[in-house]
There are 2 protein chains.
Amino acid sequence: MTQPAQRPPLPADFFDELCPSSLLPFRFGDTWAPMVLRCLEGGPRRFSELRVPLGRITPKVLTHSLRGLERRGFVSRTVHADPKRRVEYALTPLGRGLLEPLDAACRWATEHWDELIDAHERGAAVTG
Amino acid sequence: MTQPAQRPPLPADFFDELCPSSLLPFRFGDTWAPMVLRCLEGGPRRFSELRVPLGRITPKVLTHSLRGLERRGFVSRTVHADPKRRVEYALTPLGRGLLEPLDAACRWATEHWDELIDAHERGAAVTG
DNA sequence: CTGTATCCTGAGGGATACTG
DNA sequence: CAGTATCCCTCAGGATACAG
């Protein structure tokens, strides 16, 4: 149970295929929270495992995001008695439940992606 | 068609019965955007009509929120040839569509309200 | 490996006052 | 009526460096 995870690591381009949530008209928690939640969808992950798919995130910001998710009860933090100071983050049942409306919102955005982009570009043109 | 709206005005406590979205773990647009969208759900509204249910909002912030929603294509702004400089804001089809995932998210939050509050208070207690 | 500690910047948002 | 114009303040978030 306290063995290191044997799940495949998350690739550095994990989010290239997903809806770029930074462009969406809504946010779940802070900027990185939705992506962190998605990274944890497949099971617990370590701090350093999360940094890979998130690319540009700095440790301070990742810590901040994780603390926020922990404080709200969406993510649990477990320190294992391990020579390597292994810490694992996992979705709580509440956090897993949050993925449902998040997915619904992302699905909607994907379906209306062209309209969203069109409006955004026309709006930007008008605004300057 | 260009007659003043005869819909009942929105009450000042319009949001007292609704899920206080400022406490939710997600946001659609800026802080006030979800509430603005809900205010427009029943039909077009004027600038001053929107200020009532939104209570503490200042005109600058409301303008900012409306401009953002307009730029993204969720809300339309119509200036009527009227002695009173009447301006009406209305949901676009895209904006009305956005209400669907927003409602789904709010429904989820309502269903898990106790857990959300519990976690929030326990988290606040731990953090200090 | 898992974070803290500083420093910095911009944007969001509130208060107040003023305008066509 | 429908906004602007200013001022101000906080906080998210990035860069960099350092620590247990």
Side-chain angles (χ1 to χ4, degrees), chain A residues 2-5 9-10 21-23 25-36 39-40 44-52 54-72 75-90 124 127, chain B residues 2-5 9-10 20-23 25-36 39-40 44-72 75-90 127-128:
Chain A
T2 51
Q3 300 308 315
L10 296 169
S21 61
S22 58
L23 296 179
F26 43 77
R27 288 173 51 177
F28 284 67
D30 59 53
T31 299
W32 297 92
M35 291 183 262
V36 172
C39 287
L40 296 176
R45 294 286 180 183
R46 308 178 60 172
F47 190 84
S48 51
E49 284 182 295
L50 291 172
R51 294 185 66 177
V52 176
L54 295 175
R56 298 184 311 112
I57 200 171
T58 66
K60 192 197 79 167
V61 175
L62 178 54
T63 301
H64 181 74
S65 187
L66 286 168
R67 290 291 182 276
L69 290 168
E70 195 187 353
R71 183 168 37 82
R72 289 171 182 279
V75 160
S76 65
R77 178 175 180 273
T78 309
V79 184
H80 294 275
D82 203 291
K84 297 273 189 147
R85 222 173 173 278
R86 192 160 57 90
V87 177
E88 278 192 333
Y89 294 91
T127 308
Chain B
T2 51
Q3 301 306 316
L10 296 170
S21 60
S22 57
L23 296 180
F26 43 77
R27 287 173 50 177
F28 284 69
D30 58 55
T31 299
W32 297 92
M35 292 182 261
V36 172
C39 288
L40 296 176
R45 294 287 180 183
R46 307 177 61 173
F47 190 84
S48 51
E49 285 183 296
L50 291 173
R51 293 186 67 177
V52 175
L54 294 176
R56 299 183 312 110
I57 199 171
T58 66
K60 191 196 80 169
V61 175
L62 177 55
T63 301
H64 180 76
S65 187
L66 286 167
R67 291 287 183 278
L69 290 168
E70 195 188 352
R71 184 166 39 81
R72 289 171 182 278
V75 160
S76 66
R77 179 175 180 274
T78 309
V79 183
H80 294 275
D82 203 291
K84 297 272 190 148
R85 218 172 178 279
R86 193 160 56 88
V87 178
E88 279 192 334
Y89 295 90
T127 308

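In what follows, chains carry the letters A, B, and so on, assigned in the order in which the sequence lines appear, proteins first and then strands, with residues in each chain numbered from 1.
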All heavy atoms of B:Arg46 vs all of B:Glu49, minimum pair found to be N-OE1, 2.7 Å
Would you mind reading off the distance between B:Leu50 atom CG and D:dG3 atom P, rounded to a whole angstrom? 10 Å
Those residues that, when tested against A:Arg77, pass side chain to side chain donor-acceptor pair (under 3.5 Å) (two or more places apart): A:Tyr89
Using a 4.0 Å heavy-atom cut-off, write out nucleotides 15-20 of chain D from 5' to 3' as B (base contacted by protein), S (sugar-phosphate only) or - (no contact). B----B
Could you give the NE2-to-P distance, from B:His64 to D:dA5, as a whole number of Å? 15 Å
If you round to the nearest 0.5 Å, how far is CZ of B:Arg51 from OG1 of B:Thr58? 8.0 Å
Measure CG/B:Asp82 against C1'/C:dG20 and give the value in whole Å, please. 16 Å
Looking for any heavy atom pair under 4.0 Å, which part of the strands does B:Arg51 touch: base, sugar-phosphate only, or nothing? nothing
Grab the CD1-C1' distance between A:Ile57 and C:dG3 for me, whole Å please. 13 Å
Check the phosphate of C:dC1 against A:Arg45, side-chain N and O only, distance under 4.0 Å to OP1 or OP2. Yes or no? no
Are A:Ser48 and C:dT2 close enough that a side-chain N or O sits under 4.0 Å from OP1 or OP2? yes
At under 4.0 Å, does any side-chain N or O of B:Arg77 touch on OP1 or OP2 of D:dG3? yes
Between P of D:dA2 and CD of B:Glu88, the distance in whole Å: 9 Å
Does any part of the side chain of B:Leu62, heavy atoms only, come nearer than 4.5 Å to the side chain of B:Val36, both counted from C-beta? yes
Are A:Leu66 and A:Leu50 close enough that some pair of their side-chain heavy atoms sits under 4.5 Å apart? yes
With a 4.0 Å limit, can you tell me whether B:Arg86 has a side-chain N or O closer than that to the phosphate oxygens OP1/OP2 of D:dA2? no
Find the distance B:Phe47:CZ to D:dT4:C1' and express it as a whole number of Å. 10 Å
note: A:Arg67, atom CZ; D:dC11, atom P; distance rounded to Å ~ 19 Å
To check you understand the geometry: which heavy-atom pair defines the closest contact between B:Arg45 and B:Cys39, and what is its length? CG-O, 3.6 Å
Rounded to whole Å, please give me the gap between CG in B:Leu66 and P in D:dG3. 8 Å
Do you know the tightest heavy-atom contact between A:Pro59 and A:Phe47? O-CZ, 3.9 Å
